[in-house]
Each structure stands twice: as C-alpha cells, then as structure tokens.
Amino acid sequence: MQYQGVLKKMATEFDSEIQYYLDMESDFLNLNQLLEKEVTITFKEYQCLNCGENKKIFRQGFCYDCFYKIPQAADWIMKPELSKAHLDIEDRDLAYEKKAQLQPHIVYLALSSSVKVGVTRKSQVPTRWIDQGASKAIPIIEVPNRYLAGITEVALKDKYVDKTNWRKMLKNEVIDADLTAELPKIKEVLPEEVKQYFSENPQEVLSLNYPVEKYPTKVKSLNLDKTPSYSGKLMGVKGQYLIFEDGTVFNIRSNEGYVVEIDLK
C-alpha cells in the first residue's frame, strides 16, 4: 500500500501501550499496526506548514521567511522565560501570545534518559511527555502562565538537565530514579513569586509504555536531504521517532513540512 502526505507531528493516544497515528492526508496510519513490516519512506518535496509553499524547511516545519515572522516560532516557544503576554507586551502577535501564554502551565520532572525538567501547557499533559519519549513523569508545580513556568525551569536547570539525550532514550538507556523523592529538594530553589503555587503533596508518577519490539544498540539518524529514500523493517515508535531494525531512526518532528511517500509491504 502507498500513501503520500506532508509530515506533521504524530498524534498520540495514552493507553497501556502508547498509540501512534500519522496523518497522510486522506488516511491515518496507526503505526502500532505496522511493527515488523517493511516501510519505505521517499522524500518528494517541501511544504511549509504555514505558507504551504515548496520552500526548503528551515526549522519546526516552517520555511526561513515564515520562521522569522509567525508567532508559532517566536523565541518564547523554546524559552518560556521570555514570555511577555502577562505584561501586555507584544512579541509578534499579542492576541496569539495571550491565548498561548496566559493559561495554566505545568513544570515537570521526566525520565527519558536522565532526570529532566521541562515545561508544558496543562492541556498538553501527557502528550508532551510522550513526545519526549519519557518512561516516567511527574508534575512539580502548576502556575497560571508561561512566564512563571519558564523562570521555574531556569531555576531548576542547575539541578536537572533540560534536554533529552535522544540516543540514550532510543536505546532505552534510562537511569532508574525516584521522581517523587526529588520533590522536597525543589521547593528551596523555586523563585519567590512561584513558591505560593508549590504543593507539599506529591502527585502520582505516570509510567509510559511504548510500542517497541526491539531497542537498537547503536542508532543512526535518517536525513532525507542526504538520503531521499530509505527502506527498513519498523521495530518501534518512541517519542516522535520511528525505530528500524538496522538501527536507523527517523525523527518525524524534525522532518515536519517534508512531503513524503510511504510504501508498506
């Protein structure tokens, strides 16, 4: 069977085993059902997720011009501490920024390789944890806007990493740590304006199980610009990565905006 469409972040469903779906225009592929099947991915062209034009993708699925223009790619997306909507200050589009920033956010700890601190909108729990390939996660604190979440994350970066080691995550080399035991250490380093939101009662640690038949011992990343066509047996899906039998991994999120043809055998 053959499918074609522009790559976008895989949709996920939390279950006893995470369910993954890839939107191929007229079809949704449930990738859990494709494990141990031969899959061919062929690059066709680019399609910017904003303007829709066939222009080389720069970052986050957008062409260069759109990336530096639209609010969905502003600096506060990656650096929440730069959020200014709570001050009524516009970055690129104040209406968009207020809608995105002035809503409940969660600061969390997750185990994806080592103990990691991160930020997400409350509405994106547990999706954000799934996208990062976390095996376990726990909310630390809920705050009313993105700025407060951002300064909390910055304060905790001296204690925890804020990026996932993707190679270790995909090889399932994850340290064993008690996330609940970390919480008492956190309150003392929280910014003063955030401490009022901290609760002494720990929330439940969420465990996540991914559809992986076999984890690779070595990984090599598929780059469609260098290798426009690739075939391999799909052995797992974790985070936003496809994992193949030969150790090749393909990051769907990093290839958003690429139009591909997918052949299944």
Side-chain angles (χ1 to χ4, degrees), residues 1-15 17-64 66-67 112 127 130-134 164-173 208-265:
M1 299 183 69
Q2 190 176 89
Y3 305 87
Q4 182 168 312
V6 58
L7 290 178
K8 297 185 287 280
K9 185 174 82 77
M10 288 183 286
T12 59
E13 181 182 4
F14 178 74
D15 207 335
E17 181 179 83
I18 307 300
Q19 297 293 309
Y20 281 93
Y21 303 92
L22 189 60
D23 182 2
M24 287 282 101
E25 295 179 355
S26 59
D27 296 280
F28 267 95
L29 300 181
N30 183 320
L31 296 177
N32 300 61
Q33 298 178 0
L34 303 184
L35 295 184
E36 299 194 67
K37 295 185 182 298
E38 192 77 12
V39 177
T40 299
I41 303 171
T42 304
F43 170 61
K44 309 300 288 186
E45 63 180 11
Y46 304 108
Q47 185 178 313
C48 172
L49 297 185
N50 183 64
C51 68
E53 295 186 21
N54 181 10
K55 297 165 66 175
K56 185 172 175 60
I57 299 303
F58 181 62
R59 291 177 192 165
Q60 298 176 29
F62 305 120
C63 67
Y64 182 92
C66 289
F67 181 83
S112 47
T127 302
I130 295 171
D131 290 345
Q132 293 183 337
T164 296
N165 183 319
W166 62 272
R167 292 180 182 276
K168 288 186 176 182
M169 181 270 287
L170 292 171
K171 292 188 289 184
N172 204 35
E173 295 177 354
L208 302 109
N209 181 39
Y210 297 90
V212 179
E213 294 294 316
K214 181 182 179 182
Y215 284 100
T217 55
K218 294 183 179 181
V219 296
K220 51 185 177 180
S221 184
L222 172 61
N223 183 326
L224 289 179
D225 291 312
K226 296 179 180 179
T227 308
S229 186
Y230 167 81
S231 295
K233 182 183 288 188
L234 183 66
M235 297 304 290
V237 190
K238 188 177 184 183
Q240 281 286 322
Y241 285 84
L242 306 185
I243 302 171
F244 293 92
E245 188 175 39
D246 65 355
T248 296
V249 297
F250 183 58
N251 188 342
I252 297 291
R253 193 71 184 270
S254 293
N255 288 276
E256 287 184 299
Y258 283 62
V259 177
V260 300
E261 185 177 272
I262 295 180
D263 288 283
L264 306 176
K265 293 181 181 179

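Scope of the values below: all heavy atoms of this structure, side chains included, with no hydrogens, waters or symmetry mates.
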Just do the side-chain contact (heavy atoms from CB on, under 4.5 Å) check on Y20 and I252 with the steps written out, would you? CA-CA 12 Å; Y20 281 93; I252 297 291; over 6 Å; no
So L29 and M1, do their side chains get closer than 4.5 Å, heavy atoms only? no
Could you please spell out the steps behind the side-chain contact (heavy atoms from CB on, under 4.5 Å) verdict for V212 and N172? CA-CA 10 Å; V212 179; N172 204 35; over 6 Å; no
If you count the non-hydrogen atoms of other residues, nucleotides and ligands that lie under 6.0 Å from NZ in K55, is the total more than 12? yes
Pair Y230 + F250: ring centers closer than 6.0 Å: no
For L34, side chain to side chain contact (heavy atoms under 4.5 Å, CB included) partners two or more places apart: L31, K37, L234, L264
Take M24 and L7 through the side-chain contact (heavy atoms from CB on, under 4.5 Å) test and state the conclusion after the steps. CA-CA 8 Å; M24 287 282 101; L7 290 178; 4.0 Å; yes
Between atom CD of E261 and atom NZ of K44, what is the distance when rounded to the nearest 0.5 Å? 4.5 Å
Quick test of your reading: applying salt bridge (charged side-chain N to carboxylate O under 4.0 Å, His left out), list the pairs with at least one residue in residues 236-259, sequence neighbours left out, ordered by first then second residue. R253-E256
Using the ring pair (Phe, Tyr, Trp, His ring centres under 6.0 Å) criterion, which residues pair with Y258? Sequence neighbours excluded. F43, Y46
Results of side chain to side chain contact (heavy atoms under 4.5 Å, CB included) for F58 - residues two or more places apart only: Y64, F67, Y68
Shortest non-hydrogen pair, P216 vs L170, comes out as CD-O, 3.4 Å
Go through it in stages, so that I can follow the logic: the residues are N255 and I57, the test is side-chain contact (heavy atoms from CB on, under 4.5 Å), and I'd like the CA-CA distance, side-chain angles, deciding distance and then a yes or no. CA-CA 8 Å; N255 288 276; I57 299 303; over 6 Å; no
Distance in Å, L242 CG paired with I262 CD1, rounded so as to fall on 0.5 Å steps: 7.5 Å
Any residue meeting side chain to side chain contact (heavy atoms under 4.5 Å, CB included) with Y21, in chain and number order, not counting sequence neighbours: A11, E13, Q19, F28, N30
Correct closest heavy-atom pair for P211 and L35 would be O-CD1, 3.8 Å
If you look at every heavy atom in L208 and A134, which pair is closest and at what distance? CD1-O, 3.3 Å
Note: I18 and T12 closest approach over all heavy atoms is CG2-CB, 4.3 Å
Between CD of Q60 and OG of S254, what distance do you get to the nearest 0.5 Å? 10.0 Å
To the nearest 0.5 Å, atom CD of E173 lies from atom CG of N165 at 8.0 Å
Excluding sequence neighbours, so at least two apart, what forms salt bridge (Lys or Arg N to Asp or Glu O under 4.0 Å) with D225? K56
Nearest heavy-atom contact between W166 and S221 is CH2-CB, 4.1 Å
Distance from Q4 atom CD to S26 atom OG, nearest 0.5 Å? 10.5 Å
Closest non-hydrogen atom pair between K8 and L49, with its separation: CG-CD2, 4.1 Å
Just by distance, no angles: are the side chains of Q2 and D263 close enough, under 3.5 Å, to form a donor-acceptor pair? yes
Measuring from Y210:OH to Y215:OH, what's the distance to the nearest 0.5 Å? 8.5 Å
